[in-house]
Each structure stands twice: as C-alpha cells, then as structure tokens.
> 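Before I ask anything, let me first share the structure, which is written out below as structure tokens.
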Number of protein chains: 2
Amino acid sequence: MLVYDWYFSVKAMATIGEPLYRRVRQDIVECELTPGKSFSEAELGRMYNASRTPVREACRRLEHEGLVRIIPFRGYSIAPLSISEFHDLQEMQSIFEPSAAAFAAERASQPELDEMQELATYEYRVNDKSSYRAFLQKNYQLHSLIAQASRNRRLSEVVSNIHVRLMRFFYLGLSFEPYGPTLVTEHISLVEAIRKRDAEEARRMAAEHIRKAVERSGSLLMSAIRFGETVFEVLPEDEISPLVSGTSTRRVQGSAS
Amino acid sequence: MLVYDWYFSVKAMATIGEPLYRRVRQDIVECELTPGKSFSEAELGRMYNASRTPVREACRRLEHEGLVRIIPFRGYSIAPLSISEFHDLQEMQSIFEPSAAAFAAERASQPELDEMQELATYEYRVNDKSSYRAFLQKNYQLHSLIAQASRNRRLSEVVSNIHVRLMRFFYLGLSFEPYGPTLVTEHISLVEAIRKRDAEEARRMAAEHIRKAVERSGSLLMSAIRFGETVFEVLPEDEISPLVSGTSTRRVQGSAS
DNA sequence: CGCGAATAGTCGGTATACCAAATGTTGACG
DNA sequence: CGTCAACATTTGGTATACCGACTATTCGCG
C-alpha cells in the first residue's frame, strides 16, 4: 500500500479534531455542504457533534486550503465556486503537472509505477453514476500519486490541494462524464510514458492532458451557460490580492500558505 | 500603495492571534527562533505574552506553511532546515516563477510595473550587512509582486510561501552577499522584460534567474561543506509522504495544503 | 415620515480549567 | 542485576465561560 495515512501508522489516536476535519472536508468536496452556505462555529459543532475548539481548528485549516471563508467576528461560509477560481486552478495545473510528470518519470519507485498503472486502467462504465464518482477518486489519486512520485513534498502538497479544490466543481455538476473514456485513454498514455522513464514524453503527455481538459471544460461551461443551467455563481473575485504592507518598509507578504 | 493589508483596511482590530502569528513568523524567518528548537505552547505563550489559544492557532498556521512541526501530544519545534528542503524549494521556484513572470508580463497593472521597477533597482552597498538584509526583503517583495501580478491568487500564494521558506536559509547564513550586484542586474532585466509586456522573454529571464541562483547556491553549499561550516543539518527527510488511505477505497489525500 | 443614536442580539476571539496521551522514572520482584 | 509495571510528569486536546466586535433593529427626535 503506497498511499496511507501517517495518522494510522502509529495507532488509533482518539482525537476529535483530525477526523472532524476530514469529514468536513469530504463533505465540502462532495458538495454535501453547499458552496456559499454560511454557518457559525456552533452550528457546525451541532452538525458534527463537536465542541467549538476542534470545529474552529478544522475551519481554520479549511480556510487555509481555500475551502472555507472566514469573516472575522462574523462567521464562516463554504467557499463559493467561481469561474475565476476554476480558471486559476486549471492554470496552476498547466504550470506544474507537466513538471511533476517529468520528475515522476525520473524518480518514481517501482511500487509507485505499479500503482499508477492500476489507477490509470480503471474500467469505466458509461452512464453509471457511481462508476463516474469512483473515476473522480481514481483521477485524484492518480494525479496525487504522480506528484508524490516527483519526490518533492511541497510540490506534492500543492498538487493535492489544487485537485481537492477542483473536485468540488466536478461534484457540483460540472460533469466530465461524457469524456470519461477519453480521459482514461490519456491517463494510460501518460502513465505509459512515466513507466518508460521518458521524462520529456511524460511532460508532453501531461501538458497535452491538461490542455485538453481545459478545452473540454471550456465547452462544458459554454453549454451550461447557454442552457441557463449556470452551475456556479459568477463572482467578481472579491477583494484584491492578499498582500501586505507594514508601516514604512512596505512589506509584501502573501498569506504565505 | 499596491501591497497592503486587508487587516488595516477596516480599523485597528484588537486581536491577539493575527499580530502574534506575524511576529512569530518573522522571528522564524529571520532565524531568531533557531531551526530545530523545540518548544511548548505554554513556553511560546510566555515568550510572546499570549495565552494558549492564539499561540495554538498561530502554530497551526505556521505548521501548514512549513515553518513549524507539530508532534501530537508531545510538542512543537521550529522546522529544521535541510538540504533537501532547500532543493525542493528551488525546484518549486523553477517550476512556478517562469510562468508567473510570463503571466505578469501579460497582466500586470501599471502601478505594479512601477513598483517592480522600484524594487528591482535597489542600490546595494557591498559589505554592508543592513543593506544586504534590506536586499533580502526587496528580493522577496519583488518576487511576490510579480507573482501577484500574474492575477492568479493560488499561484501568488504558492510563490510567497516558497520565498518565505527560502529566506530562512539566507538569514541563517547562506549568504548570497557576494552575488548581490549580479542579482540586482538579473532582476532589472527580468522587470525590463515584464515592462515590455514580452511574456516569453520574461519567462526566459525568470528561468535563467532561477537557474543561476541554483548554480550559485550549489557552490555556496559546496564551500560551506568543504570548510566544515555546515550551515544546516542534513536530515534524512523524515517519514514517507503525507498520503492517506481511507478504509476500502484507497484514498490518496495529501495534507492538501 | 426620515434619520440617527441607543440597544439588544449574534458570533467569533480569548482565557482557562480539566482530560487524556505519551514518556520518563522508580521501585518491587524474579 | 535486570525487567517491567505502576506512577508521576509533561504536553497537547477539548470543553466552556466570558468578553468584545459587529449588525440589525428599534425608538425617539427633528
């Protein structure tokens, strides 16, 4: 088992915060918790049977990951889904996934390669909702595993985060279902290249894969809008960037996450 | 003023957590808090005159940013500096910064361009410690501003975080001082390209800039090791990756930050 | 009737008491 | 003398009470 949880690696650990965080995150990703919905600490605490402290902690983590928004002294809301966020996320993918794939080709371990193979060759039953959901998971795992195989932990973390955020769009209804088989094919050629240890080919395949994904989601969005089934709100990507100035020495400092 | 703080945008806000977080972060970045040093919540609370709650919160955020490590039920430590971390960070730079520069060339606002100009042309007095420290700040601000100008917030956050982490190495003693003037020159050509709105040139300049930085730090590390002045510990990049499995459905899930 | 100031209500921010996990220590027993 | 179990200690994890920030509402005055 390549992918596992540090958490279980020792023992059970009867802590509330960690499982809570995971549950809430999963519910956000799967859109059980509606994007944009606002809530309070107490409320969430009731929903998940937890007191404010762990709830608070989970919310902070989730905010840091871009899944929750905090308005100081006022409350929380599930991060809304916006077209600009979707765009940013895909742009990020197109920046790092090719490199991640290239590094993976050079650095992946044998077990990782095997696992990739397995994840890529998922047989997908068209028009089967649960099969599609399973595919979303596989897709996430595959991309994460490739990133992990890049042997660059920061990179791996970023890739995971981007995919976590992207998945919300898919769960909400931006369905790639019609493209499913195509996606599987692309995954297979990508993994093929990695297994051949051909870094440049892997880079090309990944770049191509993302490029096509962007294209496809473009047309999905177009038709969604044309048919008036606006899948998500169009928000004027709120405030300006998250940078800072100190006093005299203007200090840039992103939220640095 | 391009870079500002949402925080001051409304009013003073007498909250403890936020300023505390900033102070601790600054102290970690500037290595006032020694890398590797372990501490407890209570201890840090005494040092910064704060109670456990805000301390805890700050530490969690800092852990998420890779500046602090948490050992459940045992305590905290300032994240150690390792060669592999340094390597990972530079690799991240080489992935993200060229794209950031290219986007900045296409999307930066006029005020941003002006600010970049100002940051790049910093006049640097060789052999002046305080001038060097100021330069480190400018360097950080410039890179962050370019990322900000990419108009992709996730990208901007990632780049900021990378630089925050990198700065610790410089503050610890990995001194680029002898290369100072060279760096300034490189910054100027990079900003030049961005101001000309030449995306591809900006991409090349950024890539070149990072490549050279990698080269330079390579030789710095070499000599540091040769002279036995090991600047930082060589740690066997601890445990294996941060991935997860659920129960039956093996679910990859990075710390997703 | 309109508007602004007082006010009540909501919600997060903070402090703190208490609980449980992990570890180190010590002493009884083989 | 070694081993291991009971225990003391340290440190986070969790619950909760209290406080201050922010909002919305309402009431009174012009």
Side-chain angles (χ1 to χ4, degrees), chain A residues 5-25 28 33 36-65 67-79 238-239 255, chain B residues 5-25 28 33-34 36-65 67-80 238-239 255:
Chain A
D5 194 346
W6 61 266
Y7 175 103
F8 292 110
S9 58
V10 185
K11 62 170 62 175
M13 184 178 299
T15 162
I16 298 188
E18 183 68 23
L20 174 70
Y21 158 73
R22 290 172 189 276
R23 278 173 51 200
V24 177
R25 187 177 70 168
I28 294 177
L33 294 170
K37 181 173 186 295
S38 67
F39 61 93
S40 73
E41 289 179 352
E43 200 175 334
L44 206 71
R46 279 192 300 275
M47 287 167 60
Y48 292 87
N49 283 96
S51 81
R52 278 185 63 202
T53 311
V55 165
R56 200 179 156 72
E57 189 175 308
C59 288
R60 299 277 168 171
R61 278 175 79 176
L62 292 165
E63 188 217 12
H64 209 81
E65 292 169 18
L67 299 180
V68 157
R69 289 197 177 177
I70 302 180
I71 302 142
F73 293 105
R74 286 301 296 165
Y76 300 77
S77 60
I78 308 295
D238 38 291
E239 330 74 38
S255 53
Chain B
D5 193 346
W6 60 267
Y7 174 104
F8 294 109
S9 57
V10 184
K11 61 169 62 176
M13 186 177 297
T15 162
I16 297 187
E18 183 68 23
L20 173 70
Y21 159 73
R22 289 172 189 277
R23 279 172 51 200
V24 177
R25 186 178 69 167
I28 294 177
L33 293 170
T34 321
K37 180 174 186 294
S38 67
F39 61 95
S40 73
E41 290 179 353
E43 201 174 332
L44 206 70
R46 279 192 300 275
M47 286 167 61
Y48 292 87
N49 283 96
S51 80
R52 279 183 62 202
T53 311
V55 164
R56 202 179 154 72
E57 189 175 309
C59 289
R60 299 274 168 174
R61 279 176 79 176
L62 292 165
E63 188 217 13
H64 208 80
E65 292 169 17
L67 298 180
V68 157
R69 291 197 175 176
I70 302 180
I71 303 140
F73 292 105
R74 286 303 294 164
Y76 299 77
S77 59
I78 308 295
D238 39 289
E239 330 74 38
S255 53

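Note on naming: letters A, B, ... go to the chains in the order of the sequence lines (proteins, then strands), and numbering restarts at 1 for each one. Everything numeric in this text was worked out from a predicted model, so none of it was measured.
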> Give the rounded distance in Å between these two atoms: CD of B:E57 and P of C:dG12.
13 Å

> For A:I70 and C:dC11, give me the distance from atom CD1 to atom P, rounded to whole Å.
16 Å

> Heavy-atom distance under 4.5 Å between the side chains of B:S38 and B:R74, does that happen here?
no

> Mind checking the CG-CZ spacing from B:L33 to B:F39? Nearest 0.5 Å is all I need.
7.5 Å

> Just how far, in rounded Å, is C1' of C:dA20 from CD1 of B:I71?
18 Å

> In this structure, how many angstroms lie between the P atom of D:dG12 and the CG atom of B:L44, rounded?
10 Å

> Could you state the CD-P distance from A:E41 to D:dA15, rounded to the nearest angstrom?
13 Å

> Does any non-hydrogen side-chain atom of A:I28 lie less than 4.5 Å from one of A:R25?
no

> Please confirm whether the shortest side-chain N or O distance from A:T15 to OP1 or OP2 of D:dT14 is below 4.0 Å.
yes

> In whole angstroms, how far is the P atom of C:dA21 from the CZ atom of B:F73?
6 Å

> Produce the list of close N/O pairs, under 3.5 Å, pairing protein atoms with atoms of nucleotides 23-25 of chain C; give distances to one decimal.
none

> Just grab all the ring-ring contact (aromatic ring centres under 6.0 Å, His included) pairs involving residues 42-62 of chain A, residues at least two apart or on different chains.
none

> What class does the angle between the rings of B:H64 and A:H64 fall in, given that below 30° is parallel, 30 to 60° is tilted and above 60° is perpendicular?
perpendicular

> Report the distance from atom OH of B:Y21 to atom P of C:dG13, rounded to the nearest whole Å.
16 Å

> Quick one: list whatever passes side chain to side chain donor-acceptor pair (under 3.5 Å) with B:R52, sequence neighbours left out.
B:E41

> Whole-Å distance between C:dG12 C1' and A:Y76 OH?
6 Å

> Return the set of residues passing side chain to side chain donor-acceptor pair (under 3.5 Å) with A:E57 (not counting sequence neighbours), or none when no residue passes.
B:R56, B:R60

> Report yes if some heavy atom in the side chain of B:L20 is under 4.5 Å from a heavy atom in the side chain of B:V55; otherwise report no.
yes

> Going by the rule side-chain contact (heavy atoms from CB on, under 4.5 Å), which residues pair with B:S40 if we only count those two or more places apart in sequence or in a different chain?
B:A42, B:E43

> Tell me which nucleotide among C:dA15, D:dA15, C:dG13 gets nearest to the side chain of A:I16.
D:dA15

> Within residues 46-56 of chain A, which residues have any heavy atom lying less than 4.0 Å from an atom of DNA chain D?
A:S51, A:R52, A:T53, A:P54

